[in-house]
Engineer: 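The structure is given below, and queries will be raised subsequently.
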Amino acid sequence: MSDESGKTKKLSLSSGKLTLGNLDAGKMRTGPSVAGRKTVQVEVRRKRAPAAPSRAGQPSAEAVTPPATPETPALSEAPVATPATPAAADDKLTAQERAARVRALQEGMKKPTPAADGDNAAPAVPEGNAPDEAPVAEAAIPPAPEPEVPLDPVEARRAAELAELREIEAGEEERRAFEAKKHADTHARRQEVPERSPAAPAPQMPDPIGEAQQRRRKAADEMAPRRPGASRRDTNNRRQSGKMTINQALSGDESRRQRSLASVKRQREKARMREEQPQVKQVRDVIIPDTISVSELANRMAERTADVVKELMKLGIMATATQTIDGETAELVVSEFGHKVQRVSESDIEIGLTGDDDAEDNLQPRPPVVTVMGHVDHGKTSLLDAIRRTDVAAGESGGITQHIGAYQITTANKNVITFIDTPGHEAFTEMRSRGANITDIVVLVVAADDSVMAQTVEAINHAKAAGCPVIVAVNKCDKPEADPQRVRNDLLQQEIVTEDFGGDVLCVDVSAHTGLGLDKLEEAIMLQSELLELRANPDRNADGVVIESKVERGRGSVATLLVQRGTLRQGDIFVIGAESGRVRALLDDRGQKLKEAGPGQPVEILGLNGTPMAGDNCVVVETEARAREIAEYRTRRNKDHDAARGARGSVEQMLSAIAAGEAEELPVVIKTDVHGSLEAIRVALEKLGTEQVKVRMLSSGVGALSESDISLAAASNAIVIGFNVRAIPQARDLAKRDGVEIRYHSIIYELIDEVKAAMGGLLSPDTQEDFIGYAEIRQVFGVSKVGKVAGCMVTEGVIKRGCKVRLLRDNVVIHEGALKTLKRFKDEVKEVREGFECGMGFENYSDIQEKDMIECFEIREIARTLD
Ligand SMILES: Nc1nc2c(ncn2[C@@H]2O[C@H](COP(=O)(O)OP(=O)(O)OP(=O)(O)O)[C@@H](O)[C@H]2O)c(=O)[nH]1
């Protein structure tokens with residue numbers, strides 16, 4: 001470049017005109033619009049110096065650009081009318097120096113000035129710009145060659161950066177120069193004003209105007225130099241806002257927008273940092289519950305929802321942001337994104353509910369829990385009664401134990417034993433299995449006169465499955481036909497090897513009636529419990545198992561509970577299954593109130609919010625809130641479970657109905673007094689189902705039959721059964737009104753038989769064909785309007801009008817249909833007996849011949865049964 005220094009040149013008045021010695025070939029600008037001003041401003045922008053070698057003869061784009069034209073015509077007037085102020089901005093001059101120069105310039109201006117118009121050497125500068133020497137200087141300086149485009153992109157970038165930096169620097173310099181010049185102007189004007197001739201008004205204001213007007217105009221003039229400053233501020237604002245106004249866009253003033261050097265440097269630094277440091281993905285611990293919505297999952301991973309949806313698509317799952325996905329799928333997605341999975345479940349609420357295991361030192365001996373099992377009528381209840389010296393059997397409906405009961409006895413040796421009495425009927429299998437699971441020892445009652453029976457075997461299997469040691473009580477040994485040895489032999493087949501046969505199973509001959517061997521049985525139980533080393537910690541929050549539960553008038557829900565650990569006290573807050581409550585009262589097996597119950601003790605508890613299920617666990621918790629929280633969670637879980645089971649059932653039903661073609665269902669609504677009975681009935685009824693007909697339990701529960709039970713039954717034609725319960729008066733009225741029959745039962749066999757009969761009624765009846773007679777065609781007559789009529793002789797049985805007939809020709813059935821007419825002589829008759837002649841006409845058939853035989857028969861429907 002010709003001007004490497006880049007310094008701003010100043011105006012001189014050598015040779016009597018304004019010249020700009022060695023002016024930079026860069027753009028020459030006039031100041032902002034200064035119409036009416038008597039000063040000339042020349043801004044000189046330093047030319048950029050390209051770092052790369054330039055190609056000779058190629059002018060740069062900048063150099064080619066025509067120099068800036070004067071922005072205002074006022075400039076051309078300035079040398080004539082106004083003593084010029086220093087035009088070149090030189091930021092290195094102090095204000096005093098500047099003032100001195102201005103004065104010198106003014107003096108020079110006073111000398112006669114040759115016409116500047118004709119001396120304009122710069123072709124690019126329009127006429128009228130003579131005072132400005134910039135074009136002259138520009139003409140003298142060759143245009144800057146365009147820098148050659150470097151091939152190396154790094155070099156190119158560097159060059160571009162450098163050029164940009166220089167431009168910014170130049171801009172900064174320009175701004176500084178302008179500020180300095182403004183300052184100098186103001187200073188100079190202050191000195192100049194007293195010297196200025198009043199007869200030298202601005203040429204653009206020739207009109208004689210009032211003094212006030214002149215003052216205003218002067219004031220306006222004085223305001224004018226401040227505009228560039230204001231404009232600069234505007235520029236700064238524009239830079240800050242980054243926005244463009246319409247005026248700026250139209251005036252093409254965009255070139256004024258400039259960023260500060262520091263800002264550009266910061267940006268470059270940031271970009272470099274970004275390039276140098278590849279982004280490290282942050283691995284997060286993502287907590288995933290059982291189900292989660294897609295957007296929530298994206299949130300927890302801090303990923304975009306769209307990315308999560310895409311990932312799900314890859315897994316073959318089309319889900320929107322609001323849709324919920326299961327925990328397993330969410331786990332897959334999270335691992336795909338490279339985050340860590342942390343699974344939590346709603347069931348975590350139960351963590352720590354049962355507490356820690358007890359330390360050895362805290363364990364104390366506890367009474368054994370004994371379950372009495374055996375075949376029906378082998379004397380379980382009688383045996384327990386004998387032990388307790390009470391008579392429970394007398395109060396039982398039909399003489400069968402239907403409620404699970406628990407009792408505690410103290411032996412003569414002051415040993416305490418807890419007995420659980422389970423019913424012996426097959427239907428109570430479920431209850432027995434539960435009894436076996438909470439029990440320590442099983443006493444297997446086998447009648448000496450009956451030996452091992454089906455439910456004896458079942459009881460053995462339950463005991464084995466529960467890992468309970470068995471003690472055999474051979475009952476009814478008082479009977480003359482009793483054969484205890486046969487019982488021992490039969491038990492061998494069930495892998496129960498008694499001590500007599502060298503085995504480890506204790507076997508005692510007893511009689512519930514005479515009390516024979518009862519003490520030995522108790523001894524055997526205590527011996528077995530010592531071997532088992534039964535111990536528990538009584539000094540902790542209690543937990544136990546519900547043996548039975550029921551709703552009682554005036555007492556509400558009552559549960560029979562077997563305390564397994566700790567001590568249950570009155571006032572304890574507990575949660576049982578999906579129910580919670582606070583122990584209002586504790587009762588022992590004799591109905592006596594207790595203050596507390598220790599391990600191995602069966603108690604009845606009052607104060608439940610609802611009726612729990614037999615087999616539910618009971619846990620004492622610290623606060624009611626916790627109890628409620630857990631109960632609510634379990635209720636929700638059970639509901640979901642039931643819903644899932646219902647949905648599955650309906651599909652299965654549909655499929656089986658399709659497969660069977662005509663599967664029937666018998667809907668029933670059952671209410672019972674206790675859960676155990678309900679369960680037993682449900683099992684029994686399910687077993688009744690065949691391929692053709694099944695029992696469908698629409699509704700079941702514990703308690704009295706209510707209006708909703710009746711209306712449900714009415715809507716679906718269901719049978720309503722009350723087992724040991726009755727309907728409330730309103731339900732009775734409703735049943736009467738809707739014609740719903742309620743069946744009450746207190747014996748399970750009868751209930752099952754009745755349902756069986758009802759199911760039989762649903763089976764499509766069997767049809768049976770009954771032969772009634774033969775007739776031989778002797779002659780065939782043609783009768784007008786009637787068709788052919790056969791003259792017959794009844795050879796066997798009887799022929800009835802309207803009966804079904806088959807036409808046999810040479811013992812081959814050629815037609816089967818119905819009789820249209822049966823006449824004797826000319827009269828229509830109901831029947832014709834053997835040995836009589838008659839006339840017969842067939843319905844829609846006339847191909848009859850002599851010697852054909854007519855076989856008459858009737859179709860009878862027979863109701864089918866399930867047996
Ligand atoms: N002779 C005699 N009869 C007995 C003895 N034990 C029970 N019985 C009779 O056997 C029948 C059935 O007795 P339960 O005690 O009801 O029999 P269970 O096994 O409890 O019957 P379920 O409750 O139906 O399972 C009753 O008639 C008793 O009188 C006994 O030791 N000797």
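Sequential numbering from 1 along the given sequence is applied to the chain's residues.
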Engineer: From the options Val575, Val583, Leu561, select the one residue that forms a side-chain contact (heavy atoms from CB on, under 4.5 Å) with Cys618.
Structural biologist: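 Single pass found, and it is Leu561.
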Engineer: Is it true that Lys671 and Asp709 make a salt bridge, defined as a side-chain N closer than 4.0 Å to a carboxylate O?
Structural biologist: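 Asp709 and Lys671: salt-bridged.
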Engineer: Which pair of non-hydrogen atoms, one from Leu516 and one from Cys477, has the smallest distance, and what is that distance?
Structural biologist: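 Shortest heavy-atom separation between Leu516 and Cys477 comes out as CD2-CB, 3.9 Å.
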Engineer: Can you name the nearest heavy-atom pair linking Val452 to Val446, along with the distance?
Structural biologist: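 Residues Val452 and Val446, closest heavy atoms: N-CG1, 3.9 Å.
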Engineer: In terms of side-chain geometry, is the basic nitrogen of Glu533 or Arg366 positioned less than 4.0 Å from the acidic oxygen of its partner?
Structural biologist: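 Between Arg366 and Glu533 there is no salt bridge, as every charged N stays at least 4.0 Å from the carboxylate O atoms.
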Engineer: Would you confirm whether Thr410, through its side chain, and Lys414, through its main-chain N or O, come within 3.5 Å as a donor-acceptor pair?
Structural biologist: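 Looks like no, no N/O pair under 3.5 Å.
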Engineer: Is it the case that the side chain of Asn537 and the backbone of Leu363 share a donor-acceptor pair, with hydrogens and angles ignored and the cut-off at 3.5 Å?
Structural biologist: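 Here the side-chain-to-backbone pair does not exist.
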Engineer: Please determine whether the number of non-hydrogen atoms from other residues, nucleotides or ligands lying under 6.0 Å from atom CD of Glu495 exceeds 12.
Structural biologist: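 No, the 6.0 Å shell around CD holds no more than 12 heavy atoms from other groups.
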Engineer: Check step by step if side-chain hydrogen bond (donor to acceptor under 3.5 Å, both in side chains) holds for Asn609 and Ser580.
Structural biologist: CA-CA 6 Å; Asn609 290 339; Ser580 61; 3.2 Å; yes
Engineer: Taking the six-membered ring of Tyr744, is the NZ or CZ of Arg726 close enough (under 6.0 Å from the centre) and on axis enough (within 45°)?
Structural biologist: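 Flagged: Arg726 positioned over aromatic ring of Tyr744.
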Engineer: Could you walk me through whether Asp483 and Arg488 satisfy the salt bridge (charged side-chain N to carboxylate O under 4.0 Å, His left out) test, starting with their C-alpha distance in whole Å, then the side-chain angles of each, then the deciding distance to 0.1 Å, before giving a yes or no?
Structural biologist: CA-CA 9 Å; Asp483 186 357; Arg488 286 175 172 80; over 6 Å; no
Engineer: Dump the intermediate steps for salt bridge (charged side-chain N to carboxylate O under 4.0 Å, His left out) on Arg696 and Glu686, then the final yes or no.
Structural biologist: CA-CA 8 Å; Arg696 186 169 162 224; Glu686 271 172 18; over 6 Å; no
Engineer: In sequence, state the C-alpha distance, the side-chain angles, and the governing distance for Ser677 and Thr672, and then conclude on side-chain hydrogen bond (donor to acceptor under 3.5 Å, both in side chains).
Structural biologist: CA-CA 7 Å; Ser677 305; Thr672 65; 5.4 Å; no
Engineer: Between Val740 and Ala713, what is the shortest heavy-atom contact and its length?
Structural biologist: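 Result for this residue pair: CG1-CB, 4.2 Å.
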Engineer: Working note: Arg582 + Asp572, criterion salt bridge (charged side-chain N to carboxylate O under 4.0 Å, His left out); need CA distance, chi angles, decisive distance, verdict.
Structural biologist: CA-CA 5 Å; Arg582 185 191 281 267; Asp572 275 351; over 6 Å; no
Engineer: Do you see a donor-acceptor pair shorter than 3.5 Å between the side chains of Glu548 and His675?
Structural biologist: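 No, His675 and Glu548 have no side-chain donor paired with an acceptor closer than 3.5 Å.
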Engineer: Only distances under 3.5 Å count here; give the side-chain donor-acceptor pairs of residues 591-599 to other protein atoms, sequence neighbours excluded, each with its distance to 0.1 Å.
Structural biologist:
residue : atom : partner : partner atom : Å
Glu596  : OE1  : Arg569  : NE           : 3.2

Engineer: Does Glu360 form a salt bridge (charged side-chain N to carboxylate O under 4.0 Å, His left out) with Arg535? I'd like the steps, not just the answer.
Structural biologist: CA-CA 9 Å; Glu360 275 290 313; Arg535 293 188 302 160; 2.8 Å; yes
Engineer: Between Gln408 and Thr418, does a side-chain hydrogen bond (donor to acceptor under 3.5 Å, both in side chains) hold up when you go through it step by step?
Structural biologist: CA-CA 4 Å; Gln408 210 167 34; Thr418 303; 3.1 Å; yes
Engineer: Are the side chain of Arg565 and the backbone of Ala536 linked by a donor-acceptor contact shorter than 3.5 Å?
Structural biologist: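 Checked: no pair found.
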Engineer: Closest heavy-atom contact between Leu562 and Pro602?
Structural biologist: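 Result for this residue pair: CD1-N, 4.1 Å.
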Engineer: Backbone N or O of Pro538 within a donor-acceptor pair of the Thr567 side chain at under 3.5 Å?
Structural biologist: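 Looks like yes, one N/O pair under 3.5 Å.
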Engineer: Taking Ser549 for its side chain and Pro612 for its backbone only, find out whether a donor-acceptor pair lies under 3.5 Å.
Structural biologist: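 Side chain of Ser549 to backbone of Pro612, a donor-acceptor pair under 3.5 Å: yes, one is there.
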Engineer: Do we see a donor-acceptor contact under 3.5 Å between the side chains of Asp385 and Ser382?
Structural biologist: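 Distance-only check fails for Asp385 and Ser382.
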Engineer: Output yes when a side-chain donor or acceptor of Lys479 lies under 3.5 Å from a complementary backbone atom of Ala447, and no otherwise.
Structural biologist: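 Flag not set: sc Lys479 to bb Ala447 has no pair under 3.5 Å.
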Engineer: Below 4.5 Å, heavy atoms only, C-beta onward: do Leu568 and Val620 meet side chain to side chain?
Structural biologist: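 Sidechains of Val620 and Leu568: in contact.
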Engineer: Please check if atom CG in Asp504 has more than 12 non-hydrogen atoms from other residues, nucleotides or ligands closer than 6.0 Å.
Structural biologist: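 Counting other residues, nucleotides and ligands, CG of Asp504 stays at 12 neighbours or fewer.
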Engineer: Looking at every heavy atom in both Val545 and Gln564, which two are closest together, and how far apart are they?
Structural biologist: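 Shortest heavy-atom separation between Val545 and Gln564 comes out as CG2-OE1, 3.1 Å.
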Engineer: To the nearest 0.5 Å, tell me how far Arg634 CZ sits from Ile576 CD1.
Structural biologist: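 One gets 10.0 Å once the value is rounded to the nearest 0.5 Å.
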Engineer: Out of Asp449, Asp450, Asn475, which one pairs with His378 under the side-chain hydrogen bond (donor to acceptor under 3.5 Å, both in side chains) rule?
Structural biologist: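 Checked Asp449, Asp450, Asn475 against His378; only one passes side-chain hydrogen bond (donor to acceptor under 3.5 Å, both in side chains): Asp450.
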Engineer: Looking at Val442, is its backbone amide N or carbonyl O close enough to the side chain of Thr439 to form a donor-acceptor pair, meaning the two atoms are under 3.5 Å apart?
Structural biologist: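 No; judged by distance alone, with no hydrogens or angles, the pair does not exist.
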Engineer: Could you tell me if the side chain of Thr411 sits less than 4.5 Å from the side chain of Asp519, heavy atoms only?
Structural biologist: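 Not touching, per the 4.5 Å side-chain cut-off.
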Engineer: In the structure I gave you, are the side-chain heavy atoms of Val510 and Val474 within less than 4.5 Å of one another anywhere?
Structural biologist: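 No, too far: nothing below the 4.5 Å cut-off.
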Engineer: If the test is side-chain contact (heavy atoms from CB on, under 4.5 Å), which one of Ile721, Ile670, Val669, Leu666 qualifies with Met697?
Structural biologist: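 Going through Ile721, Ile670, Val669, Leu666 one by one, the side-chain contact (heavy atoms from CB on, under 4.5 Å) with Met697 is satisfied by Ile670 alone.
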Engineer: Measuring from Asp490:CG to Ser451:OG, what's the distance to the nearest 0.5 Å?
Structural biologist: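 Here the rounded value is 3.5 Å.
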